[in-house]
Amino acid sequence: MENITISKIASPESVKQVGLIRLNRPKQLNALSPELMVELGQSLLQLDADEEVGCIIITGNDKAFAAGADIGVMANYGFADVYKQDYITKNWETIQKVRKPVIAAVAGFALGGGCELAMMCDFIIAANNAKFGQPEIKLGIIPGAGGTQRLTRFIGKAKAMEMILTGRMMSADEAERLGLVCRVVALEELLSESLKTAFLIAGNGLLAVMAAKEAVNKSFETSLAEGVMFERRLFHALFATQDQKEGMLAFVEKRAAKFSDS
Ligand code: CAA
């Protein structure tokens with residue numbers, strides 16, 4: 001792949017590995033070209049299907065997670081082009097089919113489509129130099145990969161409206177205060193801290209992990225009562241798994257659980 005590197009990281013303490021996807025167009029600040037988005041979708045599906053992998057991380061480099069959709073490419077598009085090819089809808093949302101957890105490890109710029117991609121991940125760990133923003137308004141457009149919807153749900157109307165109407169950038173600390181990111185870490189520790197978190201997830205039983213992800217994501221799509229019922233049924237269903245037997249027995253026997261994902 002030309003615009004992405006993909007690797008699997010092992011740890012002596014973990015049975016499962018962590019899939020690491022690195023966006024790799026450093027000269028363009030990882031601008032999200034159509035080719036890159038195809039490669040990203042393929043990498044995500046590949047790691048999701050890989051039984052050795054328990055969690056996935058998407059990251060960029062120290063200067064940029066991604067500075068948005070590729071403006072050079074978009075500058076040549078007219079309405080007919082974007083409408084006919086179903087730009088964004090066509091392949092930007094493959095990540096939403098991924099059932100294993102995906103962490104965005106963000107350093108530097110996460111702007112426009114870059115911020116939207118990070119928000120499509122399950123949670124964001126930010127380096128202290130991270131900058132989030134939806135600057136599309138300055139290009140005569142609006143966010144097109146979910147920014148107006150997800151940012152508003154994550155940080156509330158007042159802040160989202162201000163960010164999207166002005167195009168200003170938000171620091172990592174402000175993003176943490178507002179709940180956009182789960183944690184801010186030193187730049188040089190971004191990858192190690194993200195891996196540590198990913199290995200904690202990968203060490204849990206995959207069935208419960210996937211069910212937990214599905215249940216949390218359901219909360220954005222349903223009423224509270226429906227969401228709680230969805231959670232309750234998944235909770236009940238997990239009592240049919242070997243992992244529930246093993247997890248609870250291991251607790252009683254005061255030892256670490258050995259999950260079999262069954
Ligand atoms: N698309 C294409 N190329 C980009 C890019 C983008 N989104 N962002 C940066 N680049 C390129 C620059 O053109 C430049 O290339 P050259 O060296 O060939 O000139 C290179 O990356 C380095 O960028 P700068 O010289 O501008 O670096 P800087 O440090 O001075 O500024 C920046 C950094 C503030 C992020 C600035 O590059 C910038 O404002 N980028 C655009 C951000 C943006 O508007 N993103 C939203 C895109 S629209 C979108 O994403 C729609 C959607 O919702 C899906």
Side-chain angles (χ1 to χ4, degrees), residues 1-5 21-41 44 58-97 102 104-121 124 126-155 157 159-175 180-181 187 190 220:
M1 292 194 192
E2 275 179 29
N3 305 288
I4 295 245
T5 63
I21 294 174
R22 193 178 283 281
L23 310 181
N24 193 25
R25 293 185 79 206
K27 284 195 190 124
Q28 295 83 11
L29 302 182
N30 290 335
L32 303 169
S33 63
E35 295 78 15
L36 185 150
M37 292 313 290
V38 169
E39 292 176 17
L40 177 61
L44 283 164
I58 303 179
T59 196
N61 55 53
D62 287 358
K63 183 143 192 232
F65 176 73
D70 193 314
I71 301 170
V73 173
M74 284 189 299
N76 299 314
Y77 288 160
F79 169 77
D81 303 305
V82 289
Y83 189 68
K84 277 199 290 193
Q85 65 164 292
D86 214 359
Y87 183 48
I88 306 292
T89 318
K90 189 175 163 195
N91 51 22
W92 278 55
E93 288 160 338
T94 308
I95 188 167
Q96 297 198 271
K97 296 192 188 132
V102 183
V106 173
F109 298 112
L111 301 177
C115 186
E116 291 168 307
L117 173 62
M119 289 192 289
M120 281 191 253
C121 295
I124 303 172
N128 50 12
N129 75 337
K131 285 192 177 355
F132 298 88
Q134 297 289 160
E136 289 89 343
I137 202 86
K138 298 190 204 168
L139 300 169
I141 55 169
I142 67 170
T148 61
Q149 305 304 299
R150 291 199 179 86
L151 192 65
T152 308
R153 278 168 172 75
F154 297 163
I155 70 174
K157 180 186 168 190
K159 280 281 186 182
M161 197 65 102
E162 185 230 355
M163 300 258 324
I164 290 166
L165 292 179
T166 64
R168 86 164 169 92
M169 292 186 216
M170 176 185 278
S171 70
D173 285 340
E174 186 178 4
L180 179 61
V181 312
L187 173 59
L190 178 65
F220 292 100

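Remember, it's 1-based here, ligands and their atoms both numbered in the order they're listed. Position 1 is the first residue of the sequence, and the numbers go up from there.
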Fill in: Non-hydrogen atom of Met74 closer than 4.0 Å to ligand 1
yes

Discussion item. Please confirm whether Gly147 approaches ligand 1 to less than 4.0 Å, judged on its heavy atoms.
Written reply: no

Item to complete: Kindly identify the option in Ala69, Pro143, Gly113 whose heavy atom sits closest to atom 7 (N) of ligand 1.
Response: Ala69

Discussion item. Closer than 4.0 Å and a protein heavy atom, does any atom meet both conditions relative to atom 30 (O) of ligand 1?
Written reply: no

Worksheet item: Does the protein put a heavy atom under 4.0 Å from atom 13 (O) of ligand 1?
Response: no

Worksheet item: In ligand 1, which numbered atoms sit nearer than 4.0 Å to a non-hydrogen atom of Leu139?
Response: 44 (O), 47 (C), 48 (S)

Worksheet entry | Approximate separation, where rounding is to 0.5 Å, of Leu111 CG and Leu117 CG | 12.5 Å

Practice prompt. Using a strict cut-off of 4.0 Å, indicate which atoms of ligand 1 neighbour a heavy atom of Gly112.
Written response: 46 (C), 50 (O)

Discussion item. When you measure from the side chain of Glu116 to the backbone of Gly147, do you find a donor-acceptor pair of N or O atoms at a distance under 3.5 Å?
Written reply: yes

Worksheet item: What atoms of ligand 1 come within less than 4.0 Å of a heavy atom belonging to Lys63?
Response: 29 (O)

Item to complete: Report yes if Leu111 has an N/O atom closer than 3.5 Å to an N/O atom of ligand 1; otherwise report no.
Response: no

Worksheet entry | Under-4.0 Å heavy-atom contact between protein and atom 48 (S) of ligand 1 | yes

Discussion item. Going by a strict under-4.0 Å cutoff (protein heavy atoms only), does atom 19 (O) of ligand 1 have a neighbour on the protein?
Written reply: no

Worksheet item: Is any N or O atom of Gly144, backbone or side chain, closer than 3.5 Å to an N or O atom of ligand 1?
Response: yes

Worksheet item: Less than 3.5 Å between some nitrogen or oxygen of Gln134 and one of ligand 1, yes or no?
Response: no

Worksheet entry | Heavy atom of protein inside 4.0 Å of atom 53 (O) of ligand 1, strictly below | yes

Worksheet item: Short list, please: which atoms of ligand 1 are under 4.0 Å from a heavy atom of Glu136?
Response: 48 (S), 49 (C), 50 (O), 51 (C), 52 (C), 53 (O)

Practice prompt. Scan the protein's non-hydrogen atoms and note whether one is under 4.0 Å from atom 39 (O) of ligand 1.
Written response: no

Discussion item. Run the salt bridge (Lys or Arg N to Asp or Glu O under 4.0 Å) test against Arg168 and tell me which residues pass, sequence neighbours left out.
Written reply: Glu162, Glu174

Discussion item. Just to verify, which of Asn61, Asn30, Asp70 counts as forming a side-chain hydrogen bond (donor to acceptor under 3.5 Å, both in side chains) with Arg25?
Written reply: Asp70

Worksheet item: Heavy-atom distance to atom 5 (C) of ligand 1: which of Gly68, Ala31, Ala110 wins?
Response: Ala31

Worksheet item: Should you measure from each heavy atom of Glu116, which atoms of ligand 1 turn up under 4.0 Å away?
Response: 52 (C), 53 (O), 54 (C)

Worksheet item: Hey, is Lys27 one of the residues with a heavy atom under 4.0 angstrom from ligand 1?
Response: yes

